[in-house]
Structure formats: structure tokens, C-alpha cells
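Read the structure below first, then the notes.
The model shown is predicted, which means the values in this text are computed figures rather than measured ones. Numbering of residues begins at 1 and proceeds along the displayed sequence.
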Amino acid sequence: MKDNIILIGFMGCGKTSVGIRLSYQLKRTMIDTDKWIEQKQKMTVSEIFDAYGEENFRAMETQCLKELLKTTEHQIISVGGGLPMREENHELLKQLGTVYYLKVSPQTVYERLKTDTTRPLLQVENPKERIQSLMELRSPVYEKCADRIIDVSEKSVEEILEQIEKGESI
């Protein structure tokens with residue numbers, strides 16, 4: 001296993017915010033898999049979804065993990081919310097490093113993202129219902145992938161960082 005810290009969780013749980021702060025605190029580079037894919041494809045995630053569909057985007061995520069396995073050591077890696085849903089990604093995540101699941105409540109996600117139009121999966125009539133159903137599907141998978149689980153719903157970024165640095169779970 002490599003010496004990376006991997007952050008997984010549902011969209012809006014704070015993976016990017018925590019990852020950026022953690023990278024400064026630990027003096028490690030941060031990689032966001034969505035940004036990595038956007039740079040490679042020269043398109044936004046929304047544009048990729050529109051042009052190629054979700055399944056092709058998920059294949060790009062798997063390819064991203066395989067590339068990172070070859071090149072990445074001692075870094076912070078924030079992955080897209082759907083990336084752990086592919087079974088083949090579980091082992092890749094484990095090989096990449098210690099996986100932290102930033103667990104969040106559906107209500108917290110809704111409050112954080114209700115005005116965000118950049119999330120393709122939430123551009124539906126009832127985003128609150130969509131969040132709930134996606135989380136019911138994804139939470140058990142996130143838990144299965146995780147080495148550590150941190151409930152972030154009522155925590156500040158500082159409290160989350162402290163738990164990660166101590167290697168704590170819930």
C-alpha cells in the first residue's frame with residue numbers, strides 16, 4: 001500500500017475543502033480526480049457527462065486511479081463521489097493508500113448544494129429526494145471501501161483535519 005491519504009464521500013461532504021487544507025497542513029500535494037480528468041479531457045465533468053454519458057466518465061475515473069497508482073506517493077487524493085461505486089475501484093483505492101470516508105447527512109448535503117448547478121446528478125426536479133436515494137445506495141459502498149470513517153455533518157474543517165491526523169474514525 002502506498003502512503004497517500006484518500007478522501008471519499010458523497011458530493012458536498014467536503015472532500016475538496018478538507019483535501020486542500022490537509023495538503024497545506026501536511027505539506028503534501030493534493031490531487032482531485034475530477035480535476036485530473038477534466039485536464040486530460042479538456043472538458044468539465046458536466047460536459048463529459050453530456051457528451052459521453054456517466055458510464056464513460058466512470059471508466060475515466062478507473063483509468064485515473066490506475067495512472068495514480070503508477071505515479072503518486074505521499075499525497076492527498078480527493079475522489080469523485082461516484083468513483084467508489086465501481087467494484088474494480090475498491091482494490092485500486094486500497095492500494096493507493098489509507099481511505100477516509102467523510103460521512104455526511106443528506107440534509108447537510110442539500111443545504112450545501114441546493115444552489116449549485118454544476119452537479120450533473122442533481123439537475124433533477126427534486127434534488128433533495130435524489131440526494132437521499134443516491135446516499136442510500138452509496139453509503140454502504142463507501143463504508144466498505146473505507147479504512148476510517150469520519151462523520152463530518154456537524155464538524156468544522158479543523159475538527160475533521162485533527163481526526164485525520166490522529167488516524168481516528170467516528
Side-chain angles (χ1 to χ4, degrees), residues 1-23 25-26 28-38 45 48-49 54-55 57-69 71-106 108-110 112-113 116 118-122 130-155 157 159-170:
M1 181 175 78
K2 292 187 166 239
D3 181 31
N4 298 300
I5 294 174
I6 297 112
L7 304 175
I8 68 169
F10 199 75
M11 64 182 104
C13 72
K15 296 180 299 284
T16 301
S17 300
V18 169
I20 290 168
R21 293 280 301 277
L22 196 58
S23 76
Q25 200 164 316
L26 299 178
R28 294 185 183 197
T29 304
M30 182 188 147
I31 297 169
D32 180 306
T33 59
D34 284 351
K35 299 289 180 235
W36 190 92
I37 291 167
E38 287 178 341
V45 170
I48 295 168
F49 263 70
E54 183 176 359
E55 189 50 41
F57 176 75
R58 299 301 173 204
M60 291 175 196
E61 289 180 316
T62 300
Q63 188 56 43
C64 173
L65 290 181
K66 289 176 179 177
E67 296 277 331
L68 292 177
L69 258 175
T71 61
T72 308
E73 186 68 53
H74 203 66
Q75 296 185 17
I76 311 296
I77 302 168
S78 171
V79 306
L83 185 145
M85 298 309 293
R86 274 190 124 174
E87 186 74 35
E88 66 187 296
N89 292 343
H90 296 191
E91 186 57 35
L92 295 170
L93 286 168
K94 294 285 188 188
Q95 290 174 32
L96 260 175
T98 304
V99 180
Y100 284 85
Y101 166 28
L102 305 185
K103 187 174 185 170
V104 67
S105 72
T108 300
V109 170
Y110 178 73
R112 291 178 183 175
L113 301 181
D116 187 340
T118 66
R119 313 283 179 152
L121 293 177
L122 294 185
R130 179 77 168 147
I131 289 166
Q132 182 69 43
S133 65
L134 280 172
M135 287 185 84
E136 285 172 10
L137 179 70
R138 291 181 177 186
S139 290
V141 177
Y142 293 154
E143 289 179 17
K144 182 180 172 189
C145 285
D147 296 304
R148 311 248 187 319
I149 300 170
I150 299 174
D151 189 334
V152 299
S153 292
E154 303 297 324
K155 290 192 174 92
V157 173
E159 291 171 313
I160 298 165
L161 294 175
E162 192 175 309
Q163 275 193 269
I164 291 172
E165 282 198 82
K166 289 179 180 175
E168 295 176 350
S169 276
I170 294 178

Value for CD1 (Ile76) from CD1 (Ile164), rounded to nearest 0.5 Å, stands at 8.0 Å
Considering only heavy atoms from C-beta outward, does the side chain of Lys35 approach that of Glu38 to under 4.5 Å? yes
dist Ile37:CD1 -> Glu67:CD (nearest 0.5 Å) comes out at 11.0 Å
Could you pull out every donor-acceptor pair under 3.5 Å between side chains of residues 10-20 and any protein atom, sequence neighbours left out?
from, atom 1, to, atom 2, distance (Å)
Lys15, NZ, Gly9, O, 2.8
Lys15, NZ, Phe10, O, 3.3
Thr16, OG1, Asp32, OD2, 3.2

- Task: Tell me, with the steps shown, if Arg28 and Ile5 meet side-chain contact (heavy atoms from CB on, under 4.5 Å).
- Result: CA-CA 10 Å; Arg28 294 185 183 197; Ile5 294 174; 3.7 Å; yes
- prompt: Sub-3.5 Å donor-acceptor pair from the side chain of Asn4 to the main-chain atoms of Gly97, do we have one?
  reply: no
*Go through the side-chain N and O atoms of Gln132 and Glu136 and say whether any donor and acceptor fall under 3.5 Å apart.*
yes
- Query: Under 4.5 Å between any side-chain heavy atoms of Met85 and Leu137, yes or no?
  - Reply: yes
**Item:** Val104 vs Met135 side-chain heavy atoms within contact, under 4.5 Å
**Value:** yes
Of all heavy-atom pairs linking Leu161 and Gln25, the shortest is CD1-OE1, 3.2 Å
Where the side chain of Asp34 meets the backbone of Val45, is there a donor-acceptor pair that is under 3.5 Å apart?
no
- With distance as the sole test, does Ser133 use its side chain to make a donor-acceptor pair with the main-chain N or O of Arg130 at under 3.5 Å? yes
Residues passing the side chain to side chain donor-acceptor pair (under 3.5 Å) test with Gln75, sequence neighbours excluded, are none
The salt bridge (charged side-chain N to carboxylate O under 4.0 Å, His left out) partners of Glu154 (sequence neighbours excluded) come to none
Applying side chain to side chain donor-acceptor pair (under 3.5 Å) to Thr33 and not counting sequence neighbours gives none
Tell me if a side-chain donor or acceptor on Asp147 pairs with a main-chain N or O of Val99 at a distance below 3.5 Å. yes
Hey, are the side chains of Lys2 and Thr72 touching, using non-hydrogen atoms and a 4.5 Å cut-off? no
Output for pair (Cys64 SG, Phe57 CZ), nearest 0.5 Å, gives 9.0 Å
Taking every heavy atom of Cys145 against every heavy atom of His90, the minimum-distance pair comes out as SG-CD2, 3.3 Å
Across all chains, not counting sequence neighbours, the salt bridge (charged side-chain N to carboxylate O under 4.0 Å, His left out) partners of Glu88 are Arg86
Check: Side chains of Val79 and Glu61: does their closest heavy-atom pair fall under 4.5 Å?
Finding: no
Output for pair (Leu93 CG, Thr98 OG1), nearest 0.5 Å, gives 11.5 Å
In terms of heavy-atom contacts, Leu68 and Ile77 come closest through CD1-CG2, 4.1 Å
Would the distance check show the side chain of Glu73 and the main-chain N or O of Asp3 forming a donor-acceptor pair, the cut-off being under 3.5 Å?
yes
Value for CG (Asp151) from CD (Glu159), rounded to nearest 0.5 Å, stands at 11.0 Å
For Arg58 and Leu83, the nearest pair of non-hydrogen atoms, with its separation, is NH1-N, 3.9 Å
NZ of Lys103 to CD1 of Ile8, rounded to nearest 0.5 Å, is 11.5 Å
* Spell out, as yes or no, whether a donor-acceptor pair under 3.5 Å connects the side chain of Tyr142 to the backbone of Gly81. => yes
Applying salt bridge (charged side-chain N to carboxylate O under 4.0 Å, His left out) to Glu87 and not counting sequence neighbours gives Lys144
